[in-house]
Participant: 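The structure's right below; bear with me while I get my questions together.
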Protein chains: 2
Amino acid sequence: MNTAAFVPPCTPALRLVPDALDIEALSAHMTVQRRRIRAGKPVYRSGQPFRALFFVHAGFLRRSVAAADGRELVTGFPMRGELLGVESIGSAHYTADVIALEDCEVVELAYPAVLQACAALPVLQAALTQALAQELRRDQYWRLAVATLSANQRVAAFLQEVAASHRALGFSASHFVLRMSRSDIASFLALKHETVTRALSQLAAAGVITVERREIRIVCTERLAVCANGAELVQQAA
Amino acid sequence: MNTAAFVPPCTPALRLVPDALDIEALSAHMTVQRRRIRAGKPVYRSGQPFRALFFVHAGFLRRSVAAADGRELVTGFPMRGELLGVESIGSAHYTADVIALEDCEVVELAYPAVLQACAALPVLQAALTQALAQELRRDQYWRLAVATLSANQRVAAFLQEVAASHRALGFSASHFVLRMSRSDIASFLALKHETVTRALSQLAAAGVITVERREIRIVCTERLAVCANGAELVQQAA
DNA sequence: AACGGCGGGTAACAGTGTGTAACGACGCGG
DNA sequence: CCGCGTCGTTACACACTGTTACCCGCCGTT
(Lines give C-alpha, C1' and ligand atoms only; values in the text may rest on other atoms or scores of the structure.)
Protein backbone atom coordinates (compact mmCIF):
# COMPACT_ATOMS: atom_id res chain seq x y z
CA MET A 1 0.00 0.00 0.00
CA ASN A 2 2.58 2.48 1.17
CA THR A 3 4.18 3.02 -2.21
CA ALA A 4 5.16 6.65 -1.72
CA ALA A 5 8.29 6.10 -3.73
CA PHE A 6 9.98 9.46 -3.26
CA VAL A 7 10.49 12.28 -0.80
CA PRO A 8 7.41 13.21 1.18
CA PRO A 9 8.61 16.71 1.74
CA CYS A 10 7.69 18.33 5.00
CA THR A 11 10.89 20.35 5.05
CA PRO A 12 11.91 23.22 7.32
CA ALA A 13 10.25 25.53 4.84
CA LEU A 14 13.33 27.58 4.28
CA ARG A 15 12.70 31.21 3.76
CA LEU A 16 13.44 31.52 0.08
CA VAL A 17 13.81 34.81 -1.72
CA PRO A 18 14.95 37.21 0.99
CA ASP A 19 14.17 40.15 -1.24
CA ALA A 20 11.22 38.80 -3.15
CA LEU A 21 9.37 42.03 -2.63
CA ASP A 22 10.41 44.76 -5.02
CA ILE A 23 9.65 47.78 -2.90
CA GLU A 24 10.63 50.15 -5.68
CA ALA A 25 8.11 48.74 -8.09
CA LEU A 26 5.53 48.58 -5.36
CA SER A 27 5.87 52.22 -4.43
CA ALA A 28 4.62 53.13 -7.88
CA HIS A 29 1.28 51.57 -7.04
CA MET A 30 0.80 52.48 -3.41
CA THR A 31 2.34 54.41 -0.58
CA VAL A 32 4.94 52.52 1.35
CA GLN A 33 6.40 53.86 4.55
CA ARG A 34 9.62 53.00 6.35
CA ARG A 35 9.43 52.59 10.11
CA ARG A 36 12.02 51.99 12.78
CA ILE A 37 11.05 49.81 15.72
CA ARG A 38 13.06 50.00 18.92
CA ALA A 39 14.08 46.80 20.70
CA GLY A 40 11.23 45.55 22.85
CA LYS A 41 8.60 47.63 21.06
CA PRO A 42 5.73 46.04 19.13
CA VAL A 43 5.22 46.31 15.39
CA TYR A 44 1.61 45.51 16.10
CA ARG A 45 -0.36 43.88 18.87
CA SER A 46 -3.19 41.42 18.96
CA GLY A 47 -6.50 43.23 18.93
CA GLN A 48 -5.39 46.36 17.12
CA PRO A 49 -7.27 47.08 13.90
CA PHE A 50 -5.63 45.32 10.98
CA ARG A 51 -4.46 47.95 8.55
CA ALA A 52 -1.13 46.95 7.12
CA LEU A 53 1.44 44.30 6.39
CA PHE A 54 5.10 44.92 7.20
CA PHE A 55 8.09 43.82 5.23
CA VAL A 56 11.11 43.27 7.46
CA HIS A 57 14.12 45.14 6.19
CA ALA A 58 16.45 44.58 9.12
CA GLY A 59 16.37 43.09 12.58
CA PHE A 60 14.98 40.11 14.42
CA LEU A 61 11.51 39.86 15.91
CA ARG A 62 9.22 37.55 17.81
CA ARG A 63 5.65 36.63 16.87
CA SER A 64 3.26 35.16 19.44
CA VAL A 65 -0.41 34.35 19.78
CA ALA A 66 -2.50 34.24 22.92
CA ALA A 67 -5.83 32.70 23.90
CA ALA A 68 -8.48 34.61 25.80
CA ASP A 69 -7.55 32.76 29.01
CA GLY A 70 -3.95 33.91 28.90
CA ARG A 71 -2.27 30.88 27.35
CA GLU A 72 0.48 32.02 25.02
CA LEU A 73 2.69 30.60 22.30
CA VAL A 74 5.60 32.03 20.42
CA THR A 75 4.89 31.10 16.80
CA GLY A 76 8.04 32.31 15.14
CA PHE A 77 11.01 34.59 14.95
CA PRO A 78 10.64 36.70 11.80
CA MET A 79 13.69 38.28 10.29
CA ARG A 80 14.85 40.16 7.22
CA GLY A 81 12.86 39.32 4.11
CA GLU A 82 9.70 38.18 5.85
CA LEU A 83 6.24 39.63 5.65
CA LEU A 84 4.59 40.41 8.98
CA GLY A 85 0.87 40.39 9.45
CA VAL A 86 -0.14 37.80 6.88
CA GLU A 87 -1.70 35.66 9.61
CA SER A 88 -4.17 38.48 10.25
CA ILE A 89 -5.40 38.90 6.68
CA GLY A 90 -9.16 38.74 6.50
CA SER A 91 -9.53 39.53 10.17
CA ALA A 92 -10.63 42.96 11.36
CA HIS A 93 -7.90 42.91 14.01
CA TYR A 94 -4.41 41.56 14.25
CA THR A 95 -4.43 38.06 15.68
CA ALA A 96 -0.85 37.98 16.90
CA ASP A 97 1.73 40.12 18.62
CA VAL A 98 4.98 40.96 16.91
CA ILE A 99 7.68 42.63 18.97
CA ALA A 100 11.21 43.58 18.02
CA LEU A 101 13.98 41.59 19.70
CA GLU A 102 16.40 44.30 18.66
CA ASP A 103 16.15 47.58 16.78
CA CYS A 104 14.41 46.83 13.50
CA GLU A 105 13.45 48.49 10.29
CA VAL A 106 10.23 47.56 8.54
CA VAL A 107 8.33 48.81 5.51
CA GLU A 108 4.65 49.40 6.11
CA LEU A 109 2.26 48.30 3.35
CA ALA A 110 -1.29 49.50 3.92
CA TYR A 111 -3.51 46.50 3.55
CA PRO A 112 -6.48 46.97 1.32
CA ALA A 113 -4.09 48.86 -0.92
CA VAL A 114 -1.83 45.83 -1.29
CA LEU A 115 -4.70 43.76 -2.64
CA GLN A 116 -5.50 46.38 -5.26
CA ALA A 117 -1.86 46.60 -6.23
CA CYS A 118 -1.96 42.82 -6.68
CA ALA A 119 -4.48 43.16 -9.45
CA ALA A 120 -2.09 45.43 -11.34
CA LEU A 121 1.10 43.58 -10.44
CA PRO A 122 0.71 39.83 -10.97
CA VAL A 123 4.18 39.38 -9.48
CA LEU A 124 3.02 40.89 -6.24
CA GLN A 125 0.02 38.63 -6.11
CA ALA A 126 2.19 35.59 -6.58
CA ALA A 127 4.60 36.82 -3.90
CA LEU A 128 1.81 37.38 -1.40
CA THR A 129 0.21 34.03 -2.04
CA GLN A 130 3.61 32.39 -1.80
CA ALA A 131 4.41 34.10 1.47
CA LEU A 132 1.15 32.86 2.93
CA ALA A 133 1.66 29.30 1.71
CA GLN A 134 5.26 29.27 2.83
CA GLU A 135 4.25 30.37 6.29
CA LEU A 136 1.65 27.63 6.36
CA ARG A 137 4.23 25.00 5.50
CA ARG A 138 6.61 26.30 8.11
CA ASP A 139 3.88 26.11 10.73
CA GLN A 140 3.17 22.54 9.74
CA TYR A 141 6.84 21.67 9.91
CA TRP A 142 7.01 22.81 13.52
CA ARG A 143 3.74 21.18 14.41
CA LEU A 144 5.24 17.97 13.14
CA ALA A 145 8.47 18.58 15.03
CA VAL A 146 6.71 19.33 18.31
CA ALA A 147 4.42 16.35 17.92
CA THR A 148 7.06 13.78 17.04
CA LEU A 149 10.42 14.86 18.44
CA SER A 150 11.80 14.65 21.96
CA ALA A 151 12.92 17.75 23.82
CA ASN A 152 16.55 17.29 22.79
CA GLN A 153 15.63 16.71 19.19
CA ARG A 154 13.44 19.79 19.09
CA VAL A 155 16.21 21.98 20.42
CA ALA A 156 18.64 20.50 17.92
CA ALA A 157 16.16 21.10 15.11
CA PHE A 158 15.71 24.65 16.30
CA LEU A 159 19.44 25.31 16.18
CA GLN A 160 19.55 23.86 12.68
CA GLU A 161 16.80 26.20 11.58
CA VAL A 162 18.49 29.22 13.10
CA ALA A 163 21.73 28.23 11.40
CA ALA A 164 19.96 27.84 8.05
CA SER A 165 18.26 31.22 8.40
CA HIS A 166 21.51 32.91 9.22
CA ARG A 167 23.19 31.30 6.26
CA ALA A 168 20.36 32.45 4.01
CA LEU A 169 20.94 36.02 5.14
CA GLY A 170 24.68 35.83 4.70
CA PHE A 171 25.60 35.47 8.37
CA SER A 172 27.66 32.68 9.83
CA ALA A 173 25.72 29.46 10.15
CA SER A 174 28.08 27.94 12.69
CA HIS A 175 28.54 30.79 15.13
CA PHE A 176 25.77 33.12 16.13
CA VAL A 177 24.06 34.89 18.99
CA LEU A 178 20.50 33.93 19.77
CA ARG A 179 18.33 37.01 19.90
CA MET A 180 15.62 35.42 21.99
CA SER A 181 15.52 34.21 25.59
CA ARG A 182 15.36 30.59 26.72
CA SER A 183 11.70 31.15 27.56
CA ASP A 184 10.97 32.30 24.02
CA ILE A 185 12.62 29.20 22.60
CA ALA A 186 10.81 27.04 25.12
CA SER A 187 7.43 28.48 24.20
CA PHE A 188 8.16 28.07 20.50
CA LEU A 189 9.11 24.42 20.99
CA ALA A 190 6.34 23.67 23.50
CA LEU A 191 8.81 23.03 26.31
CA LYS A 192 9.78 24.70 29.60
CA HIS A 193 12.80 26.92 29.70
CA GLU A 194 14.61 24.58 32.08
CA THR A 195 14.23 21.81 29.54
CA VAL A 196 15.71 23.99 26.82
CA THR A 197 18.63 24.75 29.10
CA ARG A 198 19.09 21.05 29.84
CA ALA A 199 19.01 20.17 26.17
CA LEU A 200 21.58 22.83 25.30
CA SER A 201 23.79 21.64 28.14
CA GLN A 202 23.56 18.07 26.92
CA LEU A 203 24.34 19.03 23.34
CA ALA A 204 27.34 20.93 24.66
CA ALA A 205 28.41 18.04 26.88
CA ALA A 206 28.23 15.75 23.86
CA GLY A 207 30.55 18.09 22.03
CA VAL A 208 28.06 18.96 19.31
CA ILE A 209 27.90 22.65 20.17
CA THR A 210 29.31 25.13 22.62
CA VAL A 211 27.03 27.40 24.61
CA GLU A 212 27.80 30.59 26.43
CA ARG A 213 24.58 32.22 27.41
CA ARG A 214 23.16 33.26 24.02
CA GLU A 215 26.28 32.65 22.05
CA ILE A 216 26.15 29.38 20.15
CA ARG A 217 28.87 27.70 18.18
CA ILE A 218 28.05 24.62 16.16
CA VAL A 219 31.01 22.29 16.41
CA CYS A 220 29.68 19.46 14.29
CA THR A 221 26.90 20.13 11.83
CA GLU A 222 26.52 16.46 10.94
CA ARG A 223 26.05 15.29 14.51
CA LEU A 224 23.62 18.14 15.11
CA ALA A 225 21.60 16.95 12.14
CA VAL A 226 21.65 13.44 13.57
CA CYS A 227 20.34 14.77 16.87
CA ALA A 228 17.58 16.71 15.16
CA ASN A 229 16.22 13.62 13.45
CA GLY A 230 15.80 10.34 15.17
CA ALA A 231 18.91 9.63 17.22
CA GLU A 232 19.34 10.52 20.86
CA LEU A 233 22.59 11.91 22.20
CA VAL A 234 25.65 9.72 22.50
CA GLN A 235 28.60 11.11 24.34
CA GLN A 236 31.60 11.43 22.07
CA ALA A 237 35.02 10.50 23.37
CA ALA A 238 36.45 13.62 24.96
CA MET B 1 3.18 46.96 30.80
CA ASN B 2 0.73 44.23 29.99
CA THR B 3 -2.08 46.57 29.08
CA ALA B 4 -3.70 44.38 26.43
CA ALA B 5 -7.09 45.67 27.42
CA PHE B 6 -9.26 43.50 25.19
CA VAL B 7 -9.55 40.07 23.62
CA PRO B 8 -6.32 38.67 22.26
CA PRO B 9 -8.09 36.51 19.75
CA CYS B 10 -6.50 33.20 18.95
CA THR B 11 -9.85 31.57 18.37
CA PRO B 12 -10.69 28.17 16.90
CA ALA B 13 -10.63 29.82 13.50
CA LEU B 14 -14.11 28.71 12.60
CA ARG B 15 -14.60 27.89 9.00
CA LEU B 16 -16.69 30.83 7.89
CA VAL B 17 -18.47 31.00 4.57
CA PRO B 18 -19.09 27.36 3.66
CA ASP B 19 -19.89 28.33 0.10
CA ALA B 20 -17.62 31.30 -0.34
CA LEU B 21 -16.54 29.98 -3.68
CA ASP B 22 -18.97 30.73 -6.45
CA ILE B 23 -18.24 27.85 -8.76
CA GLU B 24 -20.70 29.09 -11.35
CA ALA B 25 -18.93 32.41 -11.71
CA LEU B 26 -15.57 30.70 -11.67
CA SER B 27 -16.43 28.34 -14.49
CA ALA B 28 -16.77 31.32 -16.77
CA HIS B 29 -13.07 32.02 -16.34
CA MET B 30 -11.57 28.55 -16.20
CA THR B 31 -12.42 24.91 -16.50
CA VAL B 32 -13.61 23.33 -13.32
CA GLN B 33 -14.10 19.62 -12.98
CA ARG B 34 -16.14 17.59 -10.55
CA ARG B 35 -14.52 14.49 -9.11
CA ARG B 36 -15.73 11.75 -6.83
CA ILE B 37 -13.29 10.27 -4.35
CA ARG B 38 -14.00 6.88 -2.81
CA ALA B 39 -13.50 6.33 0.90
CA GLY B 40 -9.85 5.64 1.64
CA LYS B 41 -8.63 7.02 -1.69
CA PRO B 42 -6.37 10.06 -1.92
CA VAL B 43 -7.32 13.38 -3.47
CA TYR B 44 -3.60 13.96 -3.83
CA ARG B 45 -0.45 12.65 -2.27
CA SER B 46 2.72 14.25 -1.08
CA GLY B 47 5.28 14.35 -3.87
CA GLN B 48 2.87 14.41 -6.79
CA PRO B 49 3.23 17.43 -9.06
CA PHE B 50 1.13 20.31 -7.82
CA ARG B 51 -1.43 21.11 -10.46
CA ALA B 52 -4.71 21.97 -8.83
CA LEU B 53 -6.63 23.04 -5.77
CA PHE B 54 -9.79 21.22 -4.77
CA PHE B 55 -12.94 22.64 -3.31
CA VAL B 56 -14.73 20.16 -1.06
CA HIS B 57 -18.35 19.78 -2.02
CA ALA B 58 -19.26 16.88 0.21
CA GLY B 59 -17.59 14.44 2.53
CA PHE B 60 -14.93 14.34 5.23
CA LEU B 61 -11.22 13.99 4.65
CA ARG B 62 -7.91 13.79 6.44
CA ARG B 63 -4.82 15.85 5.69
CA SER B 64 -1.39 14.77 6.89
CA VAL B 65 2.24 15.68 6.40
CA ALA B 66 5.28 13.47 6.71
CA ALA B 67 8.99 14.02 7.18
CA ALA B 68 11.60 12.20 5.13
CA ASP B 69 12.36 9.90 8.05
CA GLY B 70 8.80 8.66 8.31
CA ARG B 71 7.48 10.85 11.12
CA GLU B 72 3.88 11.78 10.39
CA LEU B 73 1.27 14.23 11.60
CA VAL B 74 -2.40 14.60 10.82
CA THR B 75 -2.82 18.34 10.28
CA GLY B 76 -6.54 18.56 9.83
CA PHE B 77 -9.84 17.07 8.83
CA PRO B 78 -11.16 19.10 5.89
CA MET B 79 -14.82 19.04 5.12
CA ARG B 80 -17.42 20.72 2.95
CA GLY B 81 -16.54 24.29 2.04
CA GLU B 82 -12.79 23.98 2.44
CA LEU B 83 -10.12 24.41 -0.16
CA LEU B 84 -7.61 21.56 -0.43
CA GLY B 85 -4.07 22.06 -1.61
CA VAL B 86 -3.46 25.62 -0.46
CA GLU B 87 -0.56 24.45 1.71
CA SER B 88 1.21 23.35 -1.48
CA ILE B 89 0.95 26.63 -3.38
CA GLY B 90 4.30 27.77 -4.63
CA SER B 91 5.76 24.31 -4.37
CA ALA B 92 6.35 22.16 -7.41
CA HIS B 93 4.86 19.17 -5.59
CA TYR B 94 2.11 18.64 -3.08
CA THR B 95 3.49 18.79 0.44
CA ALA B 96 0.71 16.89 2.16
CA ASP B 97 -1.52 13.87 1.73
CA VAL B 98 -5.25 14.25 1.65
CA ILE B 99 -7.34 11.11 1.76
CA ALA B 100 -11.09 10.70 1.90
CA LEU B 101 -12.49 9.34 5.16
CA GLU B 102 -15.72 8.58 3.32
CA ASP B 103 -16.98 8.99 -0.22
CA CYS B 104 -16.39 12.59 -1.19
CA GLU B 105 -17.09 15.00 -3.96
CA VAL B 106 -14.58 17.71 -4.83
CA VAL B 107 -14.26 20.33 -7.54
CA GLU B 108 -10.88 20.47 -9.21
CA LEU B 109 -9.46 23.92 -9.93
CA ALA B 110 -6.34 23.81 -12.11
CA TYR B 111 -3.75 25.89 -10.35
CA PRO B 112 -1.97 28.37 -12.52
CA ALA B 113 -5.39 29.00 -14.01
CA VAL B 114 -6.81 30.00 -10.65
CA LEU B 115 -4.23 32.72 -10.26
CA GLN B 116 -5.09 34.16 -13.65
CA ALA B 117 -8.76 34.06 -12.84
CA CYS B 118 -7.92 35.98 -9.68
CA ALA B 119 -6.72 38.92 -11.71
CA ALA B 120 -10.10 39.10 -13.44
CA LEU B 121 -12.20 38.27 -10.40
CA PRO B 122 -11.14 40.32 -7.38
CA VAL B 123 -13.63 38.36 -5.30
CA LEU B 124 -11.78 35.18 -6.05
CA GLN B 125 -8.47 36.69 -5.10
CA ALA B 126 -9.85 37.80 -1.77
CA ALA B 127 -11.37 34.38 -1.19
CA LEU B 128 -8.10 32.61 -1.92
CA THR B 129 -6.07 34.92 0.28
CA GLN B 130 -8.65 34.53 3.02
CA ALA B 131 -8.61 30.78 2.78
CA LEU B 132 -4.85 30.77 3.17
CA ALA B 133 -4.87 33.16 6.12
CA GLN B 134 -7.71 31.32 7.76
CA GLU B 135 -5.82 28.06 7.49
CA LEU B 136 -2.79 29.72 9.00
CA ARG B 137 -4.79 30.93 11.98
CA ARG B 138 -6.32 27.52 12.47
CA ASP B 139 -2.88 25.94 12.47
CA GLN B 140 -1.72 28.42 15.06
CA TYR B 141 -4.76 27.73 17.19
CA TRP B 142 -3.91 24.04 17.35
CA ARG B 143 -0.24 24.70 17.88
CA LEU B 144 -1.26 26.76 20.88
CA ALA B 145 -3.64 24.08 22.08
CA VAL B 146 -1.08 21.31 21.76
CA ALA B 147 1.58 23.38 23.47
CA THR B 148 -0.50 24.55 26.41
CA LEU B 149 -3.30 22.08 27.09
CA SER B 150 -3.22 18.73 28.85
CA ALA B 151 -4.28 15.57 27.06
CA ASN B 152 -7.82 15.74 28.46
CA GLN B 153 -8.15 19.39 27.55
CA ARG B 154 -6.97 18.77 24.02
CA VAL B 155 -9.50 16.04 23.49
CA ALA B 156 -12.24 18.24 24.91
CA ALA B 157 -11.16 21.10 22.65
CA PHE B 158 -11.18 18.72 19.70
CA LEU B 159 -14.74 17.65 20.43
CA GLN B 160 -15.76 21.30 20.69
CA GLU B 161 -14.24 21.99 17.30
CA VAL B 162 -15.95 19.02 15.72
CA ALA B 163 -19.24 20.13 17.23
CA ALA B 164 -18.76 23.68 15.94
CA SER B 165 -17.93 22.42 12.45
CA HIS B 166 -20.97 20.22 12.37
CA ARG B 167 -23.17 23.06 13.49
CA ALA B 168 -21.72 25.28 10.78
CA LEU B 169 -22.66 22.70 8.17
CA GLY B 170 -26.16 22.24 9.54
CA PHE B 171 -25.55 18.92 11.31
CA SER B 172 -26.21 18.26 14.96
CA ALA B 173 -23.57 19.74 17.20
CA SER B 174 -24.43 17.53 20.15
CA HIS B 175 -24.66 14.12 18.55
CA PHE B 176 -22.36 12.99 15.80
CA VAL B 177 -20.21 10.19 14.49
CA LEU B 178 -16.49 10.76 14.28
CA ARG B 179 -15.23 9.93 10.82
CA MET B 180 -11.66 9.38 11.90
CA SER B 181 -9.96 6.72 14.02
CA ARG B 182 -8.53 7.23 17.49
CA SER B 183 -5.07 7.16 15.93
CA ASP B 184 -5.98 10.00 13.59
CA ILE B 185 -7.23 12.10 16.49
CA ALA B 186 -4.15 11.19 18.51
CA SER B 187 -1.81 12.24 15.74
CA PHE B 188 -3.69 15.49 15.24
CA LEU B 189 -3.49 16.30 18.96
CA ALA B 190 0.09 15.07 19.39
CA LEU B 191 -0.98 12.23 21.68
CA LYS B 192 -1.06 8.44 21.54
CA HIS B 193 -4.27 6.68 20.65
CA GLU B 194 -4.49 5.06 24.10
CA THR B 195 -4.39 8.52 25.64
CA VAL B 196 -7.24 9.68 23.43
CA THR B 197 -9.27 6.66 24.47
CA ARG B 198 -8.52 7.32 28.13
CA ALA B 199 -9.50 10.97 27.82
CA LEU B 200 -12.78 10.09 26.14
CA SER B 201 -13.47 7.50 28.82
CA GLN B 202 -12.82 10.05 31.53
CA LEU B 203 -15.05 12.65 29.90
CA ALA B 204 -17.74 10.00 29.70
CA ALA B 205 -17.19 8.92 33.32
CA ALA B 206 -17.57 12.55 34.35
CA GLY B 207 -20.90 12.67 32.56
CA VAL B 208 -19.84 15.32 30.09
CA ILE B 209 -20.28 13.13 27.03
CA THR B 210 -21.26 9.62 26.09
CA VAL B 211 -19.05 7.52 23.87
CA GLU B 212 -19.87 4.46 21.87
CA ARG B 213 -16.97 3.75 19.60
CA ARG B 214 -17.18 6.63 17.13
CA GLU B 215 -20.57 7.85 18.19
CA ILE B 216 -20.34 10.87 20.46
CA ARG B 217 -23.10 12.61 22.33
CA ILE B 218 -22.35 15.83 24.15
CA VAL B 219 -24.36 15.81 27.34
CA CYS B 220 -23.26 19.15 28.72
CA THR B 221 -21.78 21.72 26.37
CA GLU B 222 -20.88 24.06 29.22
CA ARG B 223 -18.88 21.50 31.15
CA LEU B 224 -17.16 20.43 27.93
CA ALA B 225 -16.13 24.03 27.39
CA VAL B 226 -14.81 24.16 30.93
CA CYS B 227 -12.76 21.03 30.27
CA ALA B 228 -11.36 22.46 27.06
CA ASN B 229 -10.01 25.54 28.81
CA GLY B 230 -8.25 25.49 32.11
CA ALA B 231 -10.12 23.17 34.41
CA GLU B 232 -9.38 19.49 34.86
CA LEU B 233 -12.13 16.93 35.18
CA VAL B 234 -14.25 16.81 38.29
CA GLN B 235 -16.57 13.91 38.69
CA GLN B 236 -20.17 15.08 38.81
CA ALA B 237 -22.52 13.49 41.28
CA ALA B 238 -24.03 10.48 39.54
C1' DA C 1 29.52 49.58 46.54
C1' DA C 2 25.23 47.80 47.56
C1' DC C 3 20.99 46.58 45.72
C1' DG C 4 17.36 44.42 42.96
C1' DG C 5 15.65 42.48 38.81
C1' DC C 6 16.17 39.49 35.07
C1' DG C 7 18.03 35.83 32.60
C1' DG C 8 20.36 31.69 32.92
C1' DG C 9 21.98 27.13 35.03
C1' DT C 10 21.54 23.01 38.04
C1' DA C 11 19.50 19.63 40.90
C1' DA C 12 15.89 16.65 43.38
C1' DC C 13 11.43 15.35 43.07
C1' DA C 14 6.80 14.46 41.16
C1' DG C 15 3.39 13.72 37.69
C1' DT C 16 1.48 13.26 33.17
C1' DG C 17 1.54 10.74 29.38
C1' DT C 18 3.70 6.71 27.19
C1' DG C 19 4.93 1.85 26.14
C1' DT C 20 3.52 -2.57 26.60
C1' DA C 21 0.41 -5.92 26.88
C1' DA C 22 -3.77 -8.35 27.03
C1' DC C 23 -8.54 -8.35 26.08
C1' DG C 24 -13.01 -7.32 23.75
C1' DA C 25 -15.91 -5.73 19.90
C1' DC C 26 -16.85 -5.26 15.37
C1' DG C 27 -16.63 -6.13 10.36
C1' DC C 28 -15.18 -8.71 6.49
C1' DG C 29 -14.34 -12.71 3.81
C1' DG C 30 -14.14 -17.48 3.40
C1' DC D 1 -20.87 -19.96 10.62
C1' DC D 2 -16.27 -19.26 11.79
C1' DG D 3 -11.73 -17.06 11.62
C1' DC D 4 -9.10 -13.19 11.28
C1' DG D 5 -7.67 -8.45 11.36
C1' DT D 6 -8.48 -3.85 12.73
C1' DC D 7 -9.95 -0.82 16.07
C1' DG D 8 -10.96 0.39 20.65
C1' DT D 9 -10.43 -0.25 25.76
C1' DT D 10 -8.16 -0.91 30.08
C1' DA D 11 -4.31 -1.89 33.46
C1' DC D 12 0.27 -1.22 35.08
C1' DA D 13 5.21 0.26 35.26
C1' DC D 14 8.33 3.60 33.78
C1' DA D 15 10.51 7.56 31.52
C1' DC D 16 10.52 12.06 30.13
C1' DT D 17 9.45 16.37 31.11
C1' DG D 18 7.47 19.65 34.34
C1' DT D 19 7.83 21.50 39.01
C1' DT D 20 10.08 23.60 42.54
C1' DA D 21 13.87 25.48 44.57
C1' DC D 22 18.07 27.76 44.87
C1' DC D 23 22.26 29.21 42.76
C1' DC D 24 25.02 32.44 39.90
C1' DG D 25 26.18 36.39 36.95
C1' DC D 26 25.05 40.45 34.52
C1' DC D 27 23.40 45.24 34.46
C1' DG D 28 21.24 49.28 35.62
C1' DT D 29 20.17 52.11 39.59
C1' DT D 30 20.61 54.20 43.92
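Naming convention: chains lettered A, B, ... in sequence-line order (proteins, then strands); numbering from 1 in each chain. Values reported hereafter were calculated over all heavy atoms of this structure, with side chains retained and with hydrogens, waters and symmetry mates removed.
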Participant: Is there a donor and acceptor pair closer than 3.5 Å between the side chain of A:Arg213 and the base of C:dG9?
Facilitator: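 Not at all, since no donor on one side and acceptor on the other fall under 3.5 Å apart.
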Participant: Which one, C:dG9, D:dT17, D:dG8, comes nearest to the side chain of B:Ser181?
Facilitator: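 The answer is D:dG8.
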Participant: Is the shortest side-chain heavy-atom distance between B:Arg217 and B:Ile209 below 4.5 Å?
Facilitator: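 Answer no - side chains too far apart.
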Participant: For the residue pair B:Phe176 and B:His166, categorise the inter-ring angle as parallel (less than 30°), tilted (30 to 60°) or perpendicular (more than 60°).
Facilitator: tilted
Participant: Can you measure B:Lys192 atom NZ to C:dT16 atom C1' for me and round it to whole angstrom units?
Facilitator: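 Going from B:Lys192 (NZ) to C:dT16 (C1'), I get 15 Å.
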Participant: Just how far, in rounded Å, is C1' of C:dG17 from CD of B:Glu194?
Facilitator: 10 Å
Participant: On the nucleotide D:dG8, are OP1 or OP2 found under 4.0 Å from the side-chain N or O atoms that B:Arg214 carries?
Facilitator: yes
Participant: Can you tell me how far C1' of D:dT6 sits from CE of B:Met180, to the nearest Å?
Facilitator: 18 Å
Participant: For the pair made of CZ in B:Arg198 and P in C:dT20, what is the distance, rounded to whole Å?
Facilitator: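 After rounding, the gap between these two atoms is 13 Å.
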Participant: Does OP1 or OP2 of D:dT10 have a side-chain N or O of B:Ser201 closer than 4.0 Å?
Facilitator: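 Checking B:Ser201 against D:dT10: at least one side-chain N or O falls below 4.0 Å of OP1 or OP2.
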Participant: Within 45° of the six-membered ring axis of B:Phe77 and under 6.0 Å from that ring's centre, is NZ or CZ of B:Arg62 located there?
Facilitator: no
Participant: Please confirm whether the shortest side-chain N or O distance from B:Arg182 to OP1 or OP2 of D:dT9 is below 4.0 Å.
Facilitator: yes
Participant: Would you mind reading off the distance between B:Leu149 atom CG and D:dT17 atom P, rounded to a whole angstrom?
Facilitator: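 It works out to 19 Å between those atoms.
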Participant: Measuring from the side chain of A:Ala151 (C-beta onward, heavy atoms only), which nucleotide among D:dT9, C:dG17, D:dT17 has the closest atom?
Facilitator: D:dT17
Participant: Out of B:Lys41, B:Arg38, B:Arg36, which residue meets the side-chain hydrogen bond (donor to acceptor under 3.5 Å, both in side chains) rule with B:Asp103?
Facilitator: B:Arg38
Participant: To the nearest Å, give me how far apart CG (A:Leu191) and P (D:dT19) are.
Facilitator: 12 Å
Participant: Could you state the atom-to-atom distance from CD of A:Glu215 to C1' of D:dC26 in whole Å?
Facilitator: 15 Å
Participant: Can you find a side chain N or O atom of B:Thr197 that sits less than 4.0 Å from OP1 or OP2 on D:dG8?
Facilitator: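 The answer is no; no side-chain N or O of B:Thr197 sits under 4.0 Å from OP1 or OP2.
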Participant: Which of parallel (below 30°), tilted (30 to 60°) and perpendicular (above 60°) describes B:Tyr94 and B:Phe50?
Facilitator: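 Correct class here is perpendicular.
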Participant: Take the protein atom CG of B:Asp184 and the nucleotide atom P of D:dT6, then report the distance between them rounded to whole Å.
Facilitator: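 Atom-to-atom, B:Asp184 to D:dT6, this comes out as 15 Å.
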